[in-house]
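Data block below; observations after.
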There are 2 protein chains.
Amino acid sequence: MARDVARRAGVSTATVSRVLNGFAGVRADKREAVMRAAQDLGFVANGAARALSTRRFMAVGAVVPNIENEAFVRVLSSFQDRLRQAGYTLVAANAGYDLEDELREATFLLERGVDGLMLVGDIHHPDLHARIARAGIPMVQTFSLSRERPCVGFDNAASAARAANYLMDLGHRRIGVISGLRKDNDRGGARVTGIAAALAARGLGLAPEHDIEISYGIGGGRDGFRQMLAGGEPPTAIICGTDQIAFGAMIEARARGLSIPGDLSVIGHNDSDFAPFLDPPLTTIRIHSAEIGHAAGDHLIARIQGKPVVRLTEIDAALILRASTTPPGRRGT
Amino acid sequence: MARDVARRAGVSTATVSRVLNGFAGVRADKREAVMRAAQDLGFVANGAARALSTRRFMAVGAVVPNIENEAFVRVLSSFQDRLRQAGYTLVAANAGYDLEDELREATFLLERGVDGLMLVGDIHHPDLHARIARAGIPMVQTFSLSRERPCVGFDNAASAARAANYLMDLGHRRIGVISGLRKDNDRGGARVTGIAAALAARGLGLAPEHDIEISYGIGGGRDGFRQMLAGGEPPTAIICGTDQIAFGAMIEARARGLSIPGDLSVIGHNDSDFAPFLDPPLTTIRIHSAEIGHAAGDHLIARIQGKPVVRLTEIDAALILRASTTPPGRRGT
DNA sequence: TGACTATCTGAAAGCGCTTTCAAGACAGCC
DNA sequence: GGCTGTCTTGAAAGCGCTTTCAGATAGTCA
């Protein structure tokens, strides 16, 4: 306790507090005495008392759909970097792609007294924003852009459209989509919308049997592609919601005797660490996760500290070209 | 504030507290008035004040070497499950395989007032345990077993030895190891020790040029295997520290014209989601991450609540046999 | 030397809850 | 009707820090 340190150093707790918080205006000898006493006693301030007193918790919350998803972990990791630099702790929670759960987790963090909150995406429980507002803390949404709220993200529809256009430029006409769950997931939805729009712009359509929604993961990708083949004439190219899905689809395609990219071009999302090492290396849309995390962290901290911020930060998503895409019909490439 | 709720409900803050914390002995009408007032006002208790008052923070900390590592994330995820069920929040931090950083992060959590702490492995900064002791909170170490401290883990040496024995049973004599960084990482070290011991028990040795230490990841695995080949007669089988490393090694081996498992049997660690989908599917040591997380969570909560616990929980690690391992010299299998 | 200013420092008042303690209300009993 | 015991309730005292405010001390200048 600060009291013990004060006694040992022969000062008051006020002075202890001043020294430990780096306030100027404490005479050198007293400062040193306090430092030494704190050291000797192994003094660790009580965070709750400090938080209560300063009305600052020095912690920021984040609710992500799935902690086990590489993309979100990378964002959390870089987000935490920034917070740490500013002296804040990250408290992360898992919402599992469920709006009710997300509300519950966010409320939990709000109760804990976080000074700011990061959310993923644009779709939330109707009560969520009201609660955040009542708590009076800043929030930032990531991964997708928004006109209403501060955000750091990219244009999911546009980047997916870019992938579709690239495939069409190569000559593909029958393009399929395998996405993860889209319910309450604006990113997935926007991507499909973007692809459909890009196809429509060139007079093509996204056939319902080529528009597959499955659960995430390699297994999901396999199932998804199997499902797609069951639906009549197969596509010559597919765009997948994640690299894991793309990996699964590639496995299934090969098992069905299709060669990649000869019979089927494949594009993934996220540029996972294994993407360059697949056979063939996977063309994918790279999301600059680290930059999203940094920007979101900087934004939130600036708001907490009352500094001016930009409300919308767009992070670029790049189409990384590798060998899993070629013009259609080039067998044995 | 509770005060507002009290005023609105026409009671004292004491009664508000009693109702909101589910204490019996409040008359039904007052209870309801409080509930309604709290609802109307959207009352959210101030966590800091509560923590200060109860001297319980309702949060548990965890420091892991690398948040982006699948195995740790899975443990954190299941750990959090249990904490959440008991009403606790998880605050996780990243130590990056560095003892100083780990100490810093752990101190940070201690300052925050966590009620318990989870650590990974047996090697820590010399001051760490003293600080935890001074904070007076329970800790549990995961992934490796310990005689001194409460732990939930498995016998890294024994499970790696099992993999080595399996390879020797298949007839392999020249076995190599590619591990991640071993500095300050008892898991990696123990595995290599276990393998060396298993080899020695059968009159074999682990050649220095077959004992490679590299950074984690697919790239690391490639580099590692390249390094191993540079060291003279290549091994007929390798055991890798993670499945990512194994993946990288397989890529490099194939690039060098080696067939797997014909020329080279490969065993990984962790049974990552992609392991069954590699070509050939990867034999690997599966760590029951979810069980480690659950057991660690249960342990810590029991300790916090003053219930009796077992100090050492051993979680089984299983050798999952797939097609990446065969007897040596069977080309074209 | 005395007045005045600039520096330091400690006492004390919160921060918003929980929890103890004592008192009020009321029913049951002799 | 008076007394005891039970059930409810509110006043008030913390929890361990920060921070204000005013007093103490030292330094400066005329």
Side-chain angles (χ1 to χ4, degrees), chain A residues 1-35 37-38 41-59 87 89 107-108 110-115 134-137, chain B residues 1-35 37-38 41-59 87 89 107-108 110-115 134-137:
Chain A
M1 298 202 310
R3 216 187 161 65
D4 301 331
V5 176
R7 199 170 305 139
R8 189 181 179 102
V11 299
S12 72
T13 59
T15 297
V16 171
S17 172
R18 280 190 271 257
V19 171
L20 265 28
N21 290 298
F23 264 102
V26 175
R27 228 169 41 210
D29 56 335
K30 299 227 173 194
R31 169 182 307 280
E32 269 170 35
V34 170
M35 297 288 242
L41 263 38
F43 174 71
V44 174
N46 178 317
R50 172 177 287 168
L52 181 59
S53 191
T54 59
R55 256 145 304 168
R56 280 279 179 100
F57 195 64
M58 298 309 280
T89 306
T107 304
F108 205 79
L110 257 24
E111 277 183 16
R112 285 290 186 275
V114 293
D115 298 314
R134 205 147 44 201
I137 61 169
Chain B
M1 298 202 307
R3 217 188 159 67
D4 301 331
V5 176
R7 197 170 307 139
R8 189 181 180 103
V11 300
S12 71
T13 60
T15 298
V16 171
S17 172
R18 280 190 272 257
V19 171
L20 264 29
N21 290 297
F23 265 101
V26 175
R27 229 169 42 208
D29 57 336
K30 300 228 171 195
R31 168 183 309 279
E32 269 170 33
V34 170
M35 298 287 244
L41 264 37
F43 174 70
V44 174
N46 178 317
R50 173 178 285 168
L52 182 59
S53 191
T54 59
R55 255 143 304 168
R56 281 279 179 100
F57 195 65
M58 298 309 279
T89 306
T107 304
F108 205 80
L110 257 25
E111 276 183 15
R112 284 289 184 277
V114 294
D115 298 315
R134 206 147 44 202
I137 61 169

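In the text below, chain A, chain B and the rest are named by the order of the sequence lines, each starting its count at 1. Fair warning: this is a prediction, and the values are worked out from it, not measured in the lab.
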| task | Not counting sequence neighbours, which residues clear salt bridge (charged side-chain N to carboxylate O under 4.0 Å, His left out) with A:Arg8? List them please. | result | A:Asp40
| remark: Sorted by chain and residue number, the salt bridge (charged side-chain N to carboxylate O under 4.0 Å, His left out) partners of B:Arg27 (sequence neighbours excluded) come out as B:Asp29
With sequence neighbours left out, write down each residue that passes side-chain contact (heavy atoms from CB on, under 4.5 Å) with [X], or none if nothing qualifies.
X        : answer
A:Phe43  : A:Ala2, A:Val5, A:Leu20, A:Ala38, A:Ala45
B:Glu111 : A:Val44, B:Thr107
B:Ala9   : B:Val11, B:Ala33, B:Val34, B:Ala37
A:Arg7   : A:Arg3, A:Asp4

| query | Heavy atoms under 4.0 Å, any strand shown: does B:Thr15 hit a base, just sugar-phosphate, or nothing? | reply | sugar-phosphate
| query | Contact class for A:Val16 vs. all strands (heavy atom < 4.0 Å): base, sugar-phosphate, or nothing? | reply | nothing
| remark: The residue, B:Ala49 or A:Lys30, whose nearest nucleotide of DNA chain C is more 5′ is A:Lys30
| remark: By nearest-heavy-atom nucleotide on DNA chain C, the more 5' of A:Ala24 and B:Leu20 is A:Ala24
| Under the side-chain hydrogen bond (donor to acceptor under 3.5 Å, both in side chains) test, residues paired with A:Thr15 that sit two or more places apart | none
| message | The criterion is side-chain hydrogen bond (donor to acceptor under 3.5 Å, both in side chains); which residues satisfy it with B:Asn21, sequence neighbours excluded? | response | B:Ser17
| task | Give the first and the last nucleotide of DNA chain D, reading 5' to 3', that has any atom under 4.0 Å from a heavy atom of chain A. | result | D:dG16 to D:dT20
| task | Any pair with a residue in residues 42-55 of chain B that passes side chain to side chain donor-acceptor pair (under 3.5 Å), sequence neighbours left out, goes on the list, sorted by first then second residue, please. | result | none
Distances under 3.5 Å between protein N/O atoms and the N/O atoms of nucleotides 20-23 of chain C, please, pair by pair.
none

| task | Establish, with yes or no, whether the OP1 or OP2 oxygen of C:dA11 is under 4.0 angstrom from a side-chain nitrogen or oxygen of A:Ser12. | result | no
| What heavy-atom pair brings B:Asp115 and B:Met58 nearest, and what distance separates the two atoms? | OD2-N, 2.5 Å
| query | When the C1' atoms of the five terminal pairs at each end define the local axes, what inter-axis angle does the helix from C:dT1-D:dA30 to C:dC30-D:dG1 show, to 10 degrees? | reply | 50°
| task | Quickly work out the B:Arg27 CZ to C:dG24 C1' distance and round it to whole Å. | result | 12 Å
| message | Could you measure the distance from the NZ atom of A:Lys30 to the OG atom of A:Ser12? Nearest 0.5 Å is fine. | response | 8.0 Å
